[in-house]
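Heads up, the thing below is written out as structure tokens.
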2 protein chains.
Amino acid sequence: MATGIDALDRKILRVLQHDATLGLDEIAAQVGSSKTPVWNRIRKLREAGVIERQVAILDPQKLDLASCFFVLIRTARHDAEWLAQFTAALKARPEIMEAHRLAGEIDYLLKVRVENAGAYDRFYRSLIEDVSIFSVTALLSMEEIVAKTALPIAEDG
Amino acid sequence: MATGIDALDRKILRVLQHDATLGLDEIAAQVGSSKTPVWNRIRKLREAGVIERQVAILDPQKLDLASCFFVLIRTARHDAEWLAQFTAALKARPEIMEAHRLAGEIDYLLKVRVENAGAYDRFYRSLIEDVSIFSVTALLSMEEIVAKTALPIAEDG
DNA sequence: AATGAAACACTTCCTCC
DNA sequence: GGAGGAAGTGTTTCATT
């Protein structure tokens, strides 16, 4: 999987996933190299899809999206048709920031970001209307202790 | 909370949280305004902390971090001393990408990104060594159906 | 093959209208 | 809010090791 990503690449990635506004000069200085090689590597990492995209991270509190729910779902059906429908329903809803298919007795886990409890209830009702679900448990986050986007990239490899 | 964020601000934020590499001209065109006002608004949104930071999103699969676990934790103690110790332990581990304090019978939820099941086991052992925990349930993600960083910003407000 | 330096084009970012 | 300009950046090319 780690197709030809060396220690310098990893250093560059570690910098970029914490702050993508840094200039090439500064990145080069931080990783102990110079502009051109760093730029060529960033280019290749982008082309290879290692760097997927570059985005702004916003503060949910300041945008009236203070409530974060984790939703544990057990499904009623496991056939292909239902799966396609369910997957489409998840992707269509912007409140769903993450959706995972799990191993074990719980089938799916969602991370849902909404305005308040009322908005979550509306989301919940709308979801169970669209697709048949066996059981749903919602966990309400009271406090975000850690919220990173940076992957734990190892020093070497 | 939505301290003076108007419809145009929201449009700009919606663009930036999907692609922060866009030039000012292009953003201005997409939101139906022009360079200067868009620039001034971005500046203010940054100063106000609505835009927290700008980062590169990487592909975990390509960096040997294919395994994602959600960890549900019940705590043994609830005193302030233990809480401080636990919080510090969470923040110190780079594998923990998210940590939430919950309402309800489960006290904490973690999102942990590791190389494989063995790496998770090492993480788990190390964590329970550091802090006393009543019970731990790990949910293994088999597939990431949705993985967004973009908040569901409403059209109006 | 990879690095460093130097040139060009483009953006950002500020000032004035 | 719009126009223009200085400064700084990213991107390319060339010479160097």
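Per chain, numbering begins at 1; letters A, B, ... match sequence-line order.
Every residue two or more places apart in sequence or in another chain that forms a salt bridge (charged side-chain N to carboxylate O under 4.0 Å, His left out) with A:Glu143 is listed here: B:Arg101. Applying the salt bridge (charged side-chain N to carboxylate O under 4.0 Å, His left out) rule to B:Arg53 yields no partners; only residues at least two apart in sequence or on another chain are considered. Take B:Asp25 and apply the side-chain contact (heavy atoms from CB on, under 4.5 Å) test, not counting sequence neighbours, and it matches B:Lys35. The side-chain contact (heavy atoms from CB on, under 4.5 Å) check on B:Ala29 picks up nothing, with sequence neighbours excluded. For B:Tyr124, there are no ring-ring contact (aromatic ring centres under 6.0 Å, His included) partners, not counting sequence neighbours. Every residue two or more places apart in sequence or in another chain was checked for a salt bridge (charged side-chain N to carboxylate O under 4.0 Å, His left out) with A:Asp107, and none qualifies. Considering only residues two or more places apart in sequence or on other chains, A:Arg122 meets the salt bridge (charged side-chain N to carboxylate O under 4.0 Å, His left out) condition with none of them. Applying the side-chain contact (heavy atoms from CB on, under 4.5 Å) test to B:Gln30 and every residue at least two apart in sequence or in another chain returns B:Val15, B:Leu22, B:Glu26.
Proximity of residues 19-30 of chain A to DNA chain C (heavy atom under 4.0 angstrom from any strand atom) is not detected for any residue. Near DNA chain C, meaning a heavy atom under 4.0 Å from it, residues 36-44 of chain B has B:Trp39, B:Arg43 in order of number.
Taking a heavy-atom distance under 4.0 Å as the criterion, the stretch of DNA chain C touched by chain A extends 5' to 3' from C:dT3 to C:dA5.
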Show which side-chain atoms of residues 127-137 of chain A pair as donor or acceptor with protein atoms under 3.5 Å away, not counting sequence neighbours.
residue: A:Asp130; atom: OD2; partner: A:Arg93; partner atom: NH2; Å: 2.7
residue: A:Ser132; atom: OG; partner: A:Trp82; partner atom: NE1; Å: 3.4
residue: A:Ser135; atom: OG; partner: A:Arg74; partner atom: NE; Å: 3.4

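At distances below 3.5 Å, not a single donor-acceptor pair connects side-chain atoms of A:Arg14 with backbone N or O atoms of A:Asp9.
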